[in-house]
*Asks:* 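Here it is, the structure, as structure tokens.
Within every chain, numbering begins at 1; the chains are lettered A, B, ... in the order of the sequence lines, protein sequences first and strands thereafter. All values derive from a computational prediction rather than experimental measurement.
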2 protein chains.
Amino acid sequence: MDQIGIQHDNFRTAALDELAVALGHKGILTAPGDCVRYASDQSGLHGAAPLAVLRPASTEEVSGLLAICHRHRIGVVPQGGRTGLSGGACAPAGTVVLSTERMTGVIEIDEDAMTLTAWAGTPLETVQEAARTAGLDYPVDIGARGTATIGGTIATNAGGIRVLQHGMTRANVLGLEAVLADGSVISRLGKTVKDNSGFDLKQVFIGSEGVLGVVTRAVLQLRRYVTQSALALFAMPDHDAALKCLVAARQRFGSRITAFEGMWPDYWDFVCHETSLASAPLEGRHGFYLLIEIEAEAAGSEAELEEFFAELFEQELVEDGVLAKSLSEAQALWKVREAVGEVDGDFGHHINFDIGVSPSALGRFCTAADARLAQLPEAGAALKVGHVGDGNVHLLVAHDGSAAAEERIEAVIYALLEEWDGAVTAEHGIGRIKARWISHSRSAEELAMMRGLKAQLDPLGILNPGAVLQAAQDSREGRWRYRANPARELP
Amino acid sequence: MDQIGIQHDNFRTAALDELAVALGHKGILTAPGDCVRYASDQSGLHGAAPLAVLRPASTEEVSGLLAICHRHRIGVVPQGGRTGLSGGACAPAGTVVLSTERMTGVIEIDEDAMTLTAWAGTPLETVQEAARTAGLDYPVDIGARGTATIGGTIATNAGGIRVLQHGMTRANVLGLEAVLADGSVISRLGKTVKDNSGFDLKQVFIGSEGVLGVVTRAVLQLRRYVTQSALALFAMPDHDAALKCLVAARQRFGSRITAFEGMWPDYWDFVCHETSLASAPLEGRHGFYLLIEIEAEAAGSEAELEEFFAELFEQELVEDGVLAKSLSEAQALWKVREAVGEVDGDFGHHINFDIGVSPSALGRFCTAADARLAQLPEAGAALKVGHVGDGNVHLLVAHDGSAAAEERIEAVIYALLEEWDGAVTAEHGIGRIKARWISHSRSAEELAMMRGLKAQLDPLGILNPGAVLQAAQDSREGRWRYRANPARELP
């Protein structure tokens with residue numbers, strides 16, 4: 001094993017030898033040049049080059065390698081597409097990476113049961129395309145669809161823009177197979193829709209960010225594929241009016257609403273007027289902007305949105321609006337909302353908060369956040385864009401790039417959030433970056449229960465050490481120093 | 001404490017004294033005449049009169065009483081409306097009952113967030129009515145709605161006829177408060193729709209039948225209240241044709257389908273021709289019958305169902321059909337389906353299986369079950385009725401009333417179910433009656449993980465002892481003998 005460029009003791013050499021035998025030539029990477037690109041995800045946090053990258057090709061191989069790592073107490077970082085934004089797939093020093101990149105492909109589509117069974121390493125987009133070929137759809141959708149994997153989206157309970165209609169990833173997983181830290185396989189892939197035969201164990205793995213088990217296969221619930229939709233942009237005086245529009249839209253369109261996205265004027269002005277990221281589809285300045293998309297049952301759904309607009313206009317809830325009359329007009333409207341993914345260059349150093357509160361409190365929370373930020377010399381401009389129906393705002397706060405400014409702004413926003421009983425992360429996950437803030441969203445009793453579950457399912461703490469539950473005063477970029485063998489030292 | 005009619009040692013006397021002080025006069029019943037009606041649920045299993053009935057009025061009281069019972073190792077059986085069909089609320093000898101009957105009422109309806117917060121003891125129907133008063137709806141619906149409580153429906157993850165559209169109870173719970181065996185309160189009632197801030201702990205309690213914690217309050221996700229619907233009954237050659245109708249209906253109506261209920265001819269003939277439970281809304285004998293209900297967007301939904309029928313008739317998928325043109329006609333159609341709740345008197349001794357398989361396999365499973373039953377001298381007539389879209393059939397098998405016949409029929413059906421990777425209970429729960437069959441639906445690894453979760457959260461085994469996880473060769477009616485202090489002896 002002399003190709004490993006990191007110092008290790010005989011203990012580890014023995015473990016890596018065993019892993020190499022178990023996984024074969026294709027199943028393990030140990031050359032530093034190969035390993036280094038598995039160090040980090042898209043969070044900006046820098047992981048360490050792993051001791052080895054394990055690339056199992058089956059559930060049995062995942063089970064076997066975890067049994068070996070468990071016996072040797074080697075920390076294992078599960079990785080899908082490494083598109084996470086919270087550092088959940090960043091490797092602490094002294095760990096190995098378990099990549100699902102060779103466990104890929106759609107296993108079965110059952111058109112009658114409307115299910116798709118896939119390996120964890122299958123990219124989300126591959127699943128979506130396979131479903132659509134069968135006239136069906138997998139409704140979980142996020143920007144990283146081409147790279148993010150099914151296993152990763154399940155481990156992080158991915159959200160996205162269609163949560164209002166079909167829920168988070170959790171609501172779309174029918175069956176799951178996962179492997180525990182000691183190699184035990186928990187497999188339930190039988191496509192039953194209703195199954196109250198004991199605890200629903202898959203729920204424990206969904207959204208637990210790889211610290212309780214490694215997802216290997218999943219049965220996904222497909223929906224019909226709706227290709228026709230109607231899209232409109234409404235402008236209104238404030239978030240309160242937008243909330244009233246949401247209530248009215250839900251009464252009128254029910255579960256046909258596919259998107260209900262909100263933009264505050266700070267965000268709108270920045271992307272439409274201060275940058276060339278998008279051009280304003282409406283003139284004038286308004287207090288709030290809503291992008292509303294509904295499933296079209298048949299031709300005529302544009303008329304339904306027009307009628308809806310007229311009704312809201314009558315009630316003085318909306319001030320202006322524009323309906324997309326073509327695909328290119330729809331793309332232009334979406335461009336304003338999606339520009340949030342491209343603001344980095346123009347907006348400079350900033351924190352991207354991913355906040356969840358009650359949908360009925362979102363507007364008031366944002367007003368309160370603006371007031372707190374206004375008193376904070378460290379905080380620059382703030383942009384707000386989000387999923388109004390889900391009570392989820394992405395709040396971007398500019399600062400001077402210093403760790404002190406970042407620290408201060410985070411402390412202020414998360415303290416406020418605690419007052420509002422909100423979530424420090426609505427959809428991106430805790431990972432390693434937000435582990436230090438989790439107590440602002442979870443009580444001491446909840447954290448104790450989480451640690452209890454972790455201790456029960458992974459008593460040696462080998463799975464994704466430092467993610468989610470690390471108290472982590474040292475888990476931020478720059479101050480992120482993992483101990484030599486974190487697996488031994490987790491509570 | 002001399003009003004307690006059951007022998008107990010000084011140890012228990014001390015515990016009951018402490019409980020009486022903690023809960024006050026209204027909060028505890030100890031007279032045998034008061035306690036005996038809390039012995040059993042609707043399963044037919046006979047529980048023992050509890051040592052005492054604890055009637056807390058707040059989360060704090062639940063926490064306090066559990067801490068006392070934990071310290072004294074007294075088994076606690078949580079009870080809602082006692083409408084369960086699996087014996088999950090039947091009291092083993094030597095336990096106390098925790099009834100939520102004083103923790104009742106709707107706490108808040110948030111029309112903007114479309115949520116309703118209620119105490120666990122609130123009847124389901126009370127919640128539905130409160131939601132409807134606000135123009136909204138809580139879509140979980142079961143026959144026992146008047147008595148079943150929100151806490152009980154959450155603890156058992158209740159299903160019902162609207163699962164196809166809105167999912168089981170799990171899909172409709174946004175926030176939850178539960179108390180662990182040692183009195184720790186796990187509370188998350190903040191109305192966040194999206195919250196990935198660590199493990200989703202509420203999932204652990206939903207569907208765990210009171211063995212991991214006691215539900216005290218919940219935030220429920222409401223939906224719009226749709227009062228208009230269209231209903232039709234279709235007759236077709238077989239289940240395979242019904243499955244094709246389901247696929248076509250989902251493509252055409254999407255999530256507007258509110259019910260998709262199937263009746264096999266054995267069931268149809270029994271309720272329509274061999275009893276006076278219902279009269280046949282269609283003439284002739286067919287291979288399968290479907291009751292299809294869709295949400296009406298506006299007037300004209302009857303025409304939509306007529307058009308759908310014409311299309312299916314063209315494809316020779318349906319042979320006959322009838323559309324409900326009035327409320328009384330709709331009630332007559334529903335009566336055939338709902339007669340399953342009234343067959344007991346006419347059908348005699350029988351087992352009521354609650355089986356879940358993949359929706360695409362349901363027809364073939366039922367054919368295979370009929371074949372196995374035909375070879376079984378112990379089995380009499382079998383009736384099949386169920387939720388086609390959910391792959392859930394209620395299979396009623398008549399027998400001579402002997403325990404031997406019951407045993408043999410259950411063994412054969414559950415062995416078959418294991419071959420089909422199905423659920424021994426789709427919606428009723430394991431409770432105490434099905435605990436001995438759970439291994440037909442769960443692997444050794446899954447059962448070990450369940451026992452691990454139980455050991456972690458309730459290490460002394462005081463919560464609902466004997467439910468779900470009891471290996472239970474002695475848990476059937478007649479042979480159901482609980483040890484004096486089951487809490488001490490659970491694994």
*Asks:* Looking at A:Leu453, A:Ile355, A:Leu246, A:Leu447, which one has more heavy-atom pairs under 4.5 Å with chain B than the rest?
*Replies:*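 Counting heavy-atom pairs under 4.5 Å, the top option is A:Leu453.
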*Asks:* Side chain of A:Asn157, backbone of A:Arg170: donor and acceptor closer than 3.5 Å?
*Replies:*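 Yes.
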*Asks:* Between A:Ala426, A:Gly159, A:Pro359, A:Gly167, which residue shows the highest count of heavy-atom pairs closer than 4.5 Å to chain B?
*Replies:*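 It is A:Ala426.
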*Asks:* Would you mind telling me which of A:Ala448, A:Ala361, A:Gly254, A:Gly429 has the largest number of heavy-atom pairs within less than 4.5 Å of chain B?
*Replies:*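 Of the candidates given, the most pairs with chain B belong to A:Gly254.
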*Asks:* Identify which of A:His428, A:Met114, A:Glu209 forms the greatest number of heavy-atom pairs closer than 4.5 Å to chain B.
*Replies:*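 Going by pairs under 4.5 Å, I would pick A:Met114.
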*Asks:* Select one option (side chain, backbone, both, neither) describing which atoms of B:Ile206 are under 4.5 Å from chain A's heavy atoms.
*Replies:*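 No part of B:Ile206 comes within 4.5 Å of chain A.
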*Asks:* Considering only heavy atoms and a distance below 4.5 Å, find which of A:Asp200, A:Ile438, A:Val424 pairs most often with chain B.
*Replies:*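 Of the candidates given, the most pairs with chain B belong to A:Asp200.
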*Asks:* Show the nearest heavy-atom pair for residues A:Phe260 and A:Ala242, with the distance to one decimal.
*Replies:*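 Of all heavy-atom pairs spanning A:Phe260 and A:Ala242, the closest is CE2-O, 4.0 Å.
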*Asks:* Any salt bridge between A:Glu295 and B:Arg256, counting N to O under 4.0 Å?
*Replies:*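 B:Arg256 and A:Glu295: not salt-bridged.
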*Asks:* If I measure from the heavy atoms of chain B, does A:Val211 come under 4.5 Å with its side chain, its backbone, both, or neither?
*Replies:*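 Looking at A:Val211, just its side chain touches chain B.
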*Asks:* What option among B:Gly135, B:Ser187, B:Ser360, B:Gly190 has the most heavy-atom pairs under 4.5 Å with chain A?
*Replies:*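 So the answer, after comparing B:Gly135, B:Ser187, B:Ser360, B:Gly190, is B:Ser360.
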*Asks:* Give the member of B:Gln251, B:Lys244, B:Glu445 that has the highest number of heavy-atom pairs under 4.5 Å with chain A.
*Replies:*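 Result: the option with the highest number of such pairs is B:Gln251.
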*Asks:* Please classify the contact between B:His387 and chain A as side chain, backbone, both or neither, with a heavy-atom cut-off of under 4.5 Å.
*Replies:*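 The side chain, not the backbone.
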*Asks:* Under a 3.5 Å distance rule, please check whether B:Gln221 uses its side chain to pair with a backbone N or O of B:Asn172 as donor and acceptor.
*Replies:*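 Not confirmed, B:Gln221 side chain does not pair with B:Asn172 backbone.
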*Asks:* Give, as side chain, backbone, both or neither, the part of B:Arg223 having an atom under 4.5 angstrom from any heavy atom of chain A.
*Replies:*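 Answer is neither: B:Arg223 stays 4.5 Å or more from chain A.
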*Asks:* Given that the side chain runs from C-beta out, which part of B:Leu164 has a heavy atom under 4.5 Å from chain A: side chain, backbone, both or neither?
*Replies:*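 Neither part.
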*Asks:* Give me the atom names and distance for the closest heavy-atom approach of B:Gly210 to B:Asn464.
*Replies:*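 That would be O-CB, 3.5 Å.
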*Asks:* For the ring pair (Phe, Tyr, Trp, His ring centres under 6.0 Å) test, which of A:Phe365, A:Tyr414, A:Trp437 pairs with A:Phe353?
*Replies:*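 In the set A:Phe365, A:Tyr414, A:Trp437, the residue that makes a ring pair (Phe, Tyr, Trp, His ring centres under 6.0 Å) with A:Phe353 is A:Tyr414.
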*Asks:* Measuring heavy-atom distances to chain A, does B:Ser86 have an atom under 4.5 Å in its side chain, in its backbone, in both, or in neither?
*Replies:*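 For B:Ser86, there is no contact with chain A at all, as no heavy atom is under 4.5 Å.
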*Asks:* Which atoms of B:Phe253 are under 4.5 Å from chain A, going by heavy atoms: the side chain, the backbone, both sets, or neither?
*Replies:*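 For B:Phe253, the backbone is the part near chain A, not the side chain.
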*Asks:* If I measure from the heavy atoms of chain B, does A:Leu174 come under 4.5 Å with its side chain, its backbone, both, or neither?
*Replies:*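 Neither the backbone nor the side chain of A:Leu174 comes within 4.5 Å of chain B.
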*Asks:* Using a strict threshold of under 4.0 Å (side-chain N to carboxylate O), is an ion pair present between A:Asp112 and A:Lys191?
*Replies:*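 Answer for the salt bridge query: no.
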*Asks:* For each of A:Leu243, A:Leu189, A:Leu180, A:Val468, tally heavy-atom pairs with chain B at distances under 4.5 Å, and name the one with the top tally.
*Replies:*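 Counting heavy-atom pairs under 4.5 Å, the top option is A:Leu243.
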*Asks:* Less than 4.0 Å between a side-chain N and a carboxylate O, is that true for B:Arg364 and B:Asp240?
*Replies:*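 Looking at B:Asp240 and B:Arg364, the cut-off is not met.
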*Asks:* Do the charged groups of B:Arg162 and B:Asp137 touch, with an N to O distance under 4.0 Å?
*Replies:*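 A salt bridge links B:Arg162 with B:Asp137.
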*Asks:* Under the 3.5 angstrom rule, does the side chain of B:Arg188 hit a backbone N or O of A:Ser441 as a donor-acceptor pair?
*Replies:*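 A pair under 3.5 Å: yes.
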*Asks:* Please state whether the side chain, the backbone, both or neither of B:Thr156 comes within less than 4.5 Å of a heavy atom of chain A.
*Replies:*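 Interface part for B:Thr156: backbone (N, CA, C, O).
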*Asks:* Counting only non-hydrogen atoms closer than 4.5 Å, does B:Asp390 touch chain A with its backbone (N, CA, C, O), its side chain (CB onward), both, or neither?
*Replies:*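 It is both, since atoms from each part get that close.
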*Asks:* Side chain from CB out, backbone as N, CA, C, O: work out which of these in B:Val219 comes under 4.5 Å of a heavy atom of chain A, or both, or neither.
*Replies:*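 Looking at B:Val219, nothing touches chain A.
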*Asks:* Report yes or no: do A:Thr425 and B:Asn196 form a side-chain donor-acceptor pair below 3.5 Å?
*Replies:*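 The answer is no; no qualifying pair exists.
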*Asks:* Do you know which of B:Asp195, B:Leu136, B:Thr115 has the most heavy-atom pairs under 4.5 Å to chain A?
*Replies:*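 Looking at each option in turn, the highest pair count goes to B:Asp195.
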*Asks:* Quick check on B:Met450 against chain A: is it the side chain, the backbone, both or neither that has a heavy atom closer than 4.5 Å?
*Replies:*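 When you check distances to chain A, atoms from both the backbone and side chain of B:Met450 fall under 4.5 Å.
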*Asks:* Name the region of B:Asn392, side chain, backbone, both or neither, that has any atom closer than 4.5 Å to a heavy atom of chain A.
*Replies:*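 B:Asn392 touches chain A through side-chain heavy atoms alone.
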*Asks:* Let me confirm one number: the NZ-OG distance from A:Lys454 to A:Ser208, rounded to the nearest 0.5 Å.
*Replies:*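 With rounding to 0.5 Å, NZ (A:Lys454) is 9.0 Å from OG (A:Ser208).
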